[in-house]
Amino acid sequence: MADKKGWHDLMRGADLPPATSLEYKTGSWRSMRPVFDASNCIHCMICVAYCPDMAIPITKSEEGVVGKGGRLYKGAVRLETNFDYCKGCGICAQECPTKCITMIREEEAVEASTK
Amino acid sequence: MSVIKPLSGAQAVAEAMRQINPDVVVAYPITPQTPVVEYFAQFVANGLVDTETIPVESEHSAMSATVGASAAGARAMCATSSQGLALMWEVVAAVPGLRLPIVMPIVNRALSAPINIHCDHSDTMGATTIGWIQIFSENAQEAYENMFLALRLAEHKDVLIPAMVMQDGFIISHGVENVKILDDDVVKKFVGERNPDRFLLDVKNPYTIGPLALPDYYFEIKRQQEEAMENAKKIYLEVGEDLSKLTGNKYPYFEEYRIEDAAAVIIVLASAAGTAKDAIDEMRVDGKKVGLLKPKLFRPFPYKEIRDAVKNIPVIGVLDRSISFGSYAPLYTEIRNSLFELENKPKLQSYIFGLGGKDIFKNDIKQIFEELLSGKVNPEEQKYIGLRG
Amino acid sequence: MATLQEIVSKQVPLAPGHRMCSGCSIPVIVNTIIAASDKPVIIANATGCLEVASTIYPFTAWKVPWMHLTFENAAAVAAGIETAYKAFKKRGKMKDDVNIIAFGGDGGTYDIGFQALSGALERGHKFLYVVYDNEGYMNTGNQRSGATPFGADTTTVPAGTMSIGKTQWRKNIVEICAAHRIPYAAQATAHNTLDLFNKAKKAFAADGPSFIAALQPCTTNWKYDTALTMAYSKLAVETNFWPLYEVENGKVHINYKPKERKPIEEFLKGQGRFRHLFKPENRHVIEEMQKMIDEEWERLLKLEESQVQI
Ligand code: SF4
Ligand code: SF4
């Protein structure tokens, strides 16, 4: 953001190309962090549908991923939370039917990762 | 080839719109603009155009839907007057910032209160600072031709700002005169197709149009708009030259009428210029050296050019058909500003006339000239023509 | 019937990096509705939370064509886009089919944008209007709107020693829209993804204008913990505060009937905007609220049963 464009170089009329918000990392807003326990996940997609920040990426898995009960879950499966954007609202943890997401204080998470 | 048709100003503008055949026309009635949208609607009803129309529920929605259509990529138009312009003002003010080349014919009418349906210029004079090109027309012929000029100017890639084409309510909009109408094919070729580089219906190239800009960018975006306005001034003359090849008429920033040797000049917009010309012709017969300057392009305003045109005129009367309460009248303000750089400035007098449709007569003009020729003028005093004391 | 797996795998119009509040349910509503469109979408957005927080220059979260003009005219802008689309189709300038959607908050819909909405519905433009309804002017900090519920504390009608907050019930925007004889109008919520998705499908398939009012719990101004957004959305439905229903060609169909409706207190408690109602002297307000909700529900059941046209 240091190099903001001058008026000669901005697109006419304040028009913007798509999805430039990807450069704005809302993860810095977070005070609580969702910790995802993949081994307990049933890939129901509730957290994905409910995340206001599109911070839970998904992929299509043909071979399947191991989740709750050691079972293989195929099709749309969730991946690790994208902490660039997760604001730490806690909706995912609140709504997860298997309680496989836990909210911890962001400082704890940072401490844990630097140990 | 062209034909002469007896048309009112409203019909002439509707005729121009028929020949332009825009993608979308949005209609809402307001006296005295109503016949413009009525005539156009009849063209649609009779299949003379294949424009899609939206008969909206208010002027606010009229301009909003026009903007929606224009941002979607369409050549879109609407028309209005007075209270209608006032109601849609919020959206009107947003159009230049979005850089949409909307052309809007306006039939000038006084603003409430008291409510009044007749002509003055207080409606469009309230919209001079927001970034629309404004072109005044003296008569139906000019209104007709100015539509094409405005369209090509607004849509020029170095301009891309909206334009208003004004004509005087009732005096021009409802008065019938002979209008020389170009061939449909000639107009079609002249106006071509709108080719926007970014538009909403281009779903494969999605853009965000109309975001929120805070102090870190707003100023820069507004500066771009001023650049467009500066470009519009240059390109107005270029487009005018092109149009001139079709009509044989000229499109200068302003019309000069017998001012070369004039001892006194009146500067006035729109239909009153016609009355002034008649007065001048008669006074010239009597040996009075009088002349007229009629600005056509009001935004962007041709300050320097007007300065050069009138620098040797001893005395000038500026006639405004609107009042700017608590300050100099709008046209007078611009003329005063134009003269600032001159060492020896012409003497100036400001006159207000014709508010709410009050007529101005040839004799009024003659009296003004006499006053100007007598040299008894006061640039600080605003005089009123035809006002009962 | 789509599954959640299918819904989350569809087109997602919003990118991360937007600045809606943590725990806001607007993006969930927007994503679910647009997931239901098999065609490209074009969006007209009224001024409000969604517009402001998704497009702070030079950042935009939108991946689809999107426009904002002003506050009160999203329906008129959408009407203009739809008409341009018709013109382009007619003149052979465009082949793709599209769905046109207008998004507005409740202020931009029930209040200041009401006239433009009514006009666009009456004229029959084929577009979907969605109100994300957080029951007040939340972008400007919780002012009263025509959607604010009875008894709520807002900054323009605050609760105080002489005031219970708002003393009027909200407008019935769904029935008002349905009364324009449009083919489809519905009430939905942020949390019921399948219901919202199905309603959006029907709305896109409708031959004319369609309307969805989606309740959008607002963590910032309803004043509850950010994690509870979907919980409050559910409670609104379980208490019949916000029934899930649709009006297809004028006929009411209730999509969900709670087996045992919960008392309204369960929805009210924990929300800062209703805190004053739990004072002993204000208990009567809750009772009155309960009565209104039950009467409204009875009326809705009758409308469904009779199949009388709205
Ligand atoms: S809600 Fe829980 S179980 Fe469902 S996908 Fe998310 S983490 Fe897995
Ligand atoms: S905490 Fe909130 S923002 Fe973060 S992943 Fe969960 S739902 Fe998304």
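Naming convention: chains lettered A, B, ... in sequence-line order (proteins, then strands); numbering from 1 in each chain.
Neither the backbone nor the side chain of B:Ser70 comes within contact range of chain C; no heavy atoms are under 4.5 Å apart. Within the 4.5 angstrom heavy-atom criterion, only side-chain atoms of C:Ile42, from C-beta onward, approach chain B. Proximity to chain C (any heavy atom under 4.5 Å) is shown, for B:Ala213, by both the backbone and the side chain. With a threshold of 4.5 angstrom between heavy atoms, C:Lys63 approaches chain B through N, CA, C or O but not through any side-chain atom. Both the backbone and the side chain of B:Ser58 have a heavy atom closer than 4.5 Å to some heavy atom of chain C. Proximity to chain C involves both the backbone and the side chain of B:Leu200, based on heavy atoms less than 4.5 angstrom apart. At a 4.5 Å heavy-atom cutoff, B:Tyr218 makes no contact with chain C through either its backbone or its side chain. Only the side chain of C:Val98 comes within contact range of chain B, with at least one heavy atom under 4.5 Å from a heavy atom of that chain. For chain C, the nearby part of B:Val24 is the side chain; its heavy atoms alone come within less than 4.5 Å. Only the side chain of B:Leu98 comes within less than 4.5 Å of a heavy atom in chain C; its backbone stays farther off. At a 4.5 Å heavy-atom cutoff, the contact between C:Tyr85 and chain B is made by backbone and side-chain atoms alike. For a residue to count as touching a neighbouring chain, one of its non-hydrogen atoms must lie under 4.5 Å from one of that chain's; by this rule C:Gln115 touches chain B with backbone and side chain alike. Of the two parts of B:Pro22, only the backbone, made up of N, CA, C and O, holds a non-hydrogen atom closer than 4.5 Å to a non-hydrogen atom of chain C.
With chain B as partner, the option from C:His125, C:Lys86, C:Glu72 having the largest number of non-hydrogen pairs under 4.5 angstrom is C:Glu72. Of the residues considered (C:Asp96, C:Thr47, C:Thr55), C:Thr55 shows the highest number of contacts with chain B, using heavy-atom pairs under 4.5 Å. Between chain C and the options B:Arg75, B:Met63, B:His60, heavy-atom pairs under 4.5 Å are most frequent for B:His60. With chain C as the partner, the residue from B:Ala72, B:Gly68, B:Ser61 showing the most heavy-atom pairs under 4.5 Å is B:Gly68. Contacts with chain C were tallied for B:Ser64, B:Ala69, B:Ala71, B:Ala74; B:Ser64 has the most, counting heavy-atom pairs under 4.5 Å. With chain B as partner, the option from C:Ala116, C:Ala79, C:Ala75 having the largest number of non-hydrogen pairs under 4.5 angstrom is C:Ala116. Looking only at heavy-atom pairs under 4.5 Å with chain C, the residue among B:Gly97, B:Gly73, B:Ala76 that has the most is B:Gly73.
Between B:Asp216 and C:Tyr57 there is no side-chain heavy-atom pair separated by less than 4.5 Å. Residues C:Pro183 and C:Pro209 meet the side-chain proximity criterion, which asks for heavy atoms closer than 4.5 Å. C:Pro27 has its side chain within reach of C:Met20: a pair of non-hydrogen atoms, C-beta onward, lies under 4.5 Å apart.
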Requested in this report: Start with the C-alpha gap between C:Tyr129 and C:Thr109, add the side-chain angles, then the distance that decides, and say whether side chain to side chain donor-acceptor pair (under 3.5 Å) holds.
Outcome: CA-CA 9 Å; C:Tyr129 190 101; C:Thr109 305; 2.7 Å; yes
Report task. Under the side chain to side chain donor-acceptor pair (under 3.5 Å) rule, what do B:Tyr207 and B:Asp202 come out as? Steps first, then yes or no, please. Result -> CA-CA 9 Å; B:Tyr207 280 93; B:Asp202 186 8; over 6 Å; no
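By the 6.0 Å and 45° rule, C:Lys10 does not stack over the aromatic ring of C:Phe197.
Ion pairing of B:Asp50 with C:Lys90 is absent here, as no side-chain N (NZ or NE/NH1/NH2) approaches a carboxylate O to less than 4.0 Å. A salt bridge does not link B:Glu226 with B:Arg223: none of the charged nitrogens is closer than 4.0 Å to a carboxylate oxygen. No salt bridge links B:Arg194 with B:Asp23; every basic N to acidic carboxylate O contact stays at or beyond 4.0 Å.
Side chain of C:Thr70 to backbone of B:Val91: no donor-acceptor contact under 3.5 angstrom is found.
Rounding to the nearest 0.5 angstrom, the gap separating the NE2 atom in C:His68 from the CD1 atom in C:Ile43 is 13.5 Å.
For the side chain to side chain contact (heavy atoms under 4.5 Å, CB included) criterion with B:Met88, the lone passing option out of B:Val67, B:Thr66, B:Thr80 is B:Thr80.
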